[in-house]
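Take a look at the structure set out below.
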Amino acid sequence: MTEMVEQMRISAVAEKVEARLRKRYGVERRFRLYGVAAIAVALTFLAVLLFSVLSQGVSAFRQNEVRLAISFDPAVIDPDGRRDHAILANADYAALIRQALLAHFPDADDRTGRRELSRLMSQGAELELRKLVLSDPSVIGTRRELWLPVTAAVDQLAKGHISRAAEQGGQFSERELARFDVLVAQGLLQPRFNKWLFTQGDSRQPEMAGLLGAIVGSFYALVVTLALSFPLGVATAVYLEEFAGTNRWTDLVEVNINNLAAVPSIVFGLLGLEIFLNLFGLPRSAPFVGGLCLTLVSLPTIIIAARVSLKAVPPWIREAAVGLGASRLQVVSHHVLPLAMPGILTGTIIGMARAVGESAPLLMIGMVAFIVDVPATPMDPATALPVQIYLWAASPERAFIERTSAAILVLLCFLAAMNAAAIYLRKRFERRW
Amino acid sequence: MPLTSEFLPYQSGRNVAGPAKVSARGVNVFYGDKQALKAVDLDIGTNEVTALIGPSGCGKSTFLRCLNRMNDLIEGARVTGTITLDRQDIYDRALDVVQLRARVGMVFQKPNPFPKSIYDNVAYGPRIHGLAQTAAEFDEIVEGSLQRAGLFDEVKDRLDEPGTGLSGGQQQRLCIARAIAVSPEVILMDEPCSALDPIATAKVEELIDELRENFTIVIVTHSMQQAARVSQRTAFFHLGELVEVGDTEQIFTNPRHKLTQGYITGRFG
């Protein structure tokens, strides 16, 4: 009898345990599911972003060009035959292109026809010819087959981004469309790699607009930011973490640094405008000043990351070194800092990546100007990649839409490269046990 | 049994023979408001092993860390009283703490080799104190220290491998080699075997016995067998006070204080 009671008691306990166990497994399964769902949502958004940018931007990496047989007529380029630089630079290269086109379309030799032909080729084509002649005057008098860029409108037509029909916003006459079709059919008009995107500064003509000025501007600003914020940030973190005791002042400093990390970056831009431009009289639109502002933006991030890495160095490393008679500075420089370096570098690169993608402070110091020239020094006016994206996104031409997306792709590539560098550095330094 | 602050420790057996290497008088340690050590008087003799025993939280580690001023690292820690090393006050403002730690080395509870090569671990102390200039001098110190720590034969072929890759017992002997590489006069050991298996412990204990010839050793231990095996003198701490100090044999066979008796017979602790 008692045995039976005992048996029942055991089975009742087992039942309870089993029910509880089932519940526990259920919770675990659901928790995993939530995690997977969260990642799936994030990946979907990323995929949508990448798809929309890629689908819009990929076409900007190709630009339609026409293969033309250009005769470098000495009578047009250099009537005196003196090969004088000024004369070569100011020659009527449009006439050479017109001649070549007229050879293809003899019927266009009237006022409208000439105007229509001039709408076909980009100004960039003339610049290409000019560059060729100036770099190598011996081409004068010869005949060369060259690929020359068409205007953005023709390019967009060829890419199918704008409609042919006049009622749907087409800008071309029947005759122009007919000539266009002939060129395409003969294989003379083809999309080729858009080298201007990577070799030119900004331009009003979309087909001539490039990112080089913005890339170089961003690069200079980044170099200035890195050169200032890394040593400053690490020194601050080391001092706060290793040397300063905890008192009211260090508490105050810590709170303020944490607050600075949350300050909207435009505030740093305003500060830069007031201090760097108005007070110090530094030049407007210069990547150097941009770098100073971005230093302010990235400094709190670097300090916080560096402090966390320093804190994560196990205390027994410090004890071991102190026990051997190492001074405080020796403890830090021989042991703590090298061990914290991977984390500090990762934090620095994340701070740099934030700085690269930052546009608001740059707007305030004038890096939003329309600047054609590629900056030669950090003191020359320039834009930066995110600002260039902003500028192009605000431009009405259809061709700038795809270039905006292309610029976003370039920026994303830079960010991906920086993150890859962060991972590489971390792995590399961690291997030293 | 309640202890009063006027309480004086029992002296069992002989006093320290000859002049004490380290001498503590009226040492109090405060962590903030909490008093961790109360008026400790203790002499530590030259070239012998002094074991500090007592239940957890009794202040033995705190006392040990006063001897090379490791307590300086702890914020809010305050030390009063005098501690002398060869009659020189180590808390004197004129004394260089870096110099002190070169004379009083330390081995910690958890083996803590630097994440560097075995060679660099041992060479680090001599390097920062400028004890060697040429590579040959460094080699000599490193080899000598590893040999004295009984580790050389085990690691001589892999001196450039990370010290953290050794076994626990080897790591602890590496830490001892690292400590003796700067030729200290006193070596402090804070429960050096508590993270080791019995075989590694036996090796370290053997080593401590050998090192006694050249160094003055103070060892904190939880194991009374260990204290009995390696030490010549033993000091028993309880609740921040030094209860009894004397010859190890005397303490373990014929303790004079009831607390000591209770502790070593395992009735509390």
Side-chain angles (χ1 to χ4, degrees), chain A residues 234 237-255 306-346 425-433, chain B residues 64-65 67-76 96-118 120-131 161-166 171 174-184 187-190 195:
Chain A
V234 173
V238 166
Y239 179 77
L240 285 177
E241 224 26 74
E242 304 290 332
F243 293 95
T246 37
N247 55 40
R248 237 181 319 153
W249 289 113
T250 50
D251 282 351
L252 195 71
V253 169
E254 180 164 359
V255 167
R307 288 190 68 176
V308 170
S309 323
L310 289 170
K311 253 192 206 125
V313 173
W316 49 262
I317 292 279
R318 290 184 182 84
E319 279 194 337
V322 167
L324 277 173
S327 68
R328 266 172 137 179
L329 190 62
Q330 284 172 328
V331 174
V332 172
S333 60
H334 294 169
H335 302 285
V336 179
L337 206 51
L339 287 173
M341 228 2 130
I344 294 178
L345 286 177
T346 311
L425 284 175
R426 198 169 52 208
K427 288 265 183 292
R428 172 81 203 271
F429 277 87
E430 269 176 358
R431 235 181 290 155
R432 298 176 18 187
W433 347 293
Chain B
L64 189 78
R65 296 166 76 93
L67 302 182
N68 66 346
R69 291 180 58 179
M70 286 297 272
N71 282 333
D72 291 10
L73 297 188
I74 299 167
E75 243 172 86
D96 185 54
V97 68
V98 165
Q99 207 54 43
L100 170 71
R101 289 182 190 138
R103 292 174 64 192
V104 183
M106 188 152 186
V107 176
F108 296 84
Q109 180 173 10
K110 185 173 165 268
N112 57 357
F114 297 125
K116 297 174 186 285
S117 71
I118 294 171
D120 286 340
N121 261 288
V122 183
Y124 182 71
R127 192 169 291 146
I128 59 173
H129 292 295
L131 300 183
E161 281 176 32
T164 41
L166 297 173
Q171 285 190 20
L174 176 62
C175 291
I176 293 173
R178 182 177 67 184
I180 60 182
V182 289
S183 314
I187 301 176
L188 310 177
M189 296 186 172
D190 191 356

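The chains referred to below are lettered A, B, ... by the order of the sequence lines, with proteins before strands, and numbering in each begins at 1.
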TODO: Measure B:Arg178 against the heavy atoms of chain A and call it side chain, backbone, both or neither at under 4.5 Å.
DONE: both
Task: Exercise: identify the closest heavy-atom pair between B:Ile128 and A:Leu324 - done: CD1-O, 4.1 Å
N/O donor to acceptor pairs below 3.5 angstrom from side-chain atoms of residues 333-344 of chain A, sequence neighbours left out:
from: A:Ser333; atom 1: OG; to: A:Leu329; atom 2: O; distance (Å): 2.9
from: A:His334; atom 1: ND1; to: B:Tyr124; atom 2: OH; distance (Å): 2.6
from: A:His335; atom 1: NE2; to: B:Tyr124; atom 2: OH; distance (Å): 3.2

Open item on the list: Heavy-atom pairs under 4.5 Å with chain A - which of B:Gln99, B:Glu75, B:Met106 has more of them than the others?
Closed with: B:Glu75
TODO: With sequence neighbours left out, write down each residue that passes side chain to side chain contact (heavy atoms under 4.5 Å, CB included) with A:Asp251, or none if nothing qualifies.
DONE: none
TODO: Identify which part of B:Val107 has an atom lying under 4.5 Å from any heavy atom of chain A, answering side chain, backbone, both or neither.
DONE: neither
Open item on the list: Using the salt bridge (Lys or Arg N to Asp or Glu O under 4.0 Å) criterion, which residues pair with B:Asp96? Sequence neighbours excluded.
Closed with: none
Open item on the list: If you count heavy atoms of other groups shown closer than 6.0 angstrom to CZ of A:Phe243, is the number above 12?
Closed with: yes
Task: B:Pro113 portion near chain A, given a 4.5 angstrom heavy-atom threshold - done: backbone
Task: Shortest non-hydrogen separation from B:Asn112 to A:Ala320 and the atoms involved - done: ND2-CB, 3.3 Å
Task: chain B-proximal positions within residues 306-319 of chain A [heavy-atom distance under 4.5 Å] - done: A:Trp316, A:Ile317, A:Glu319
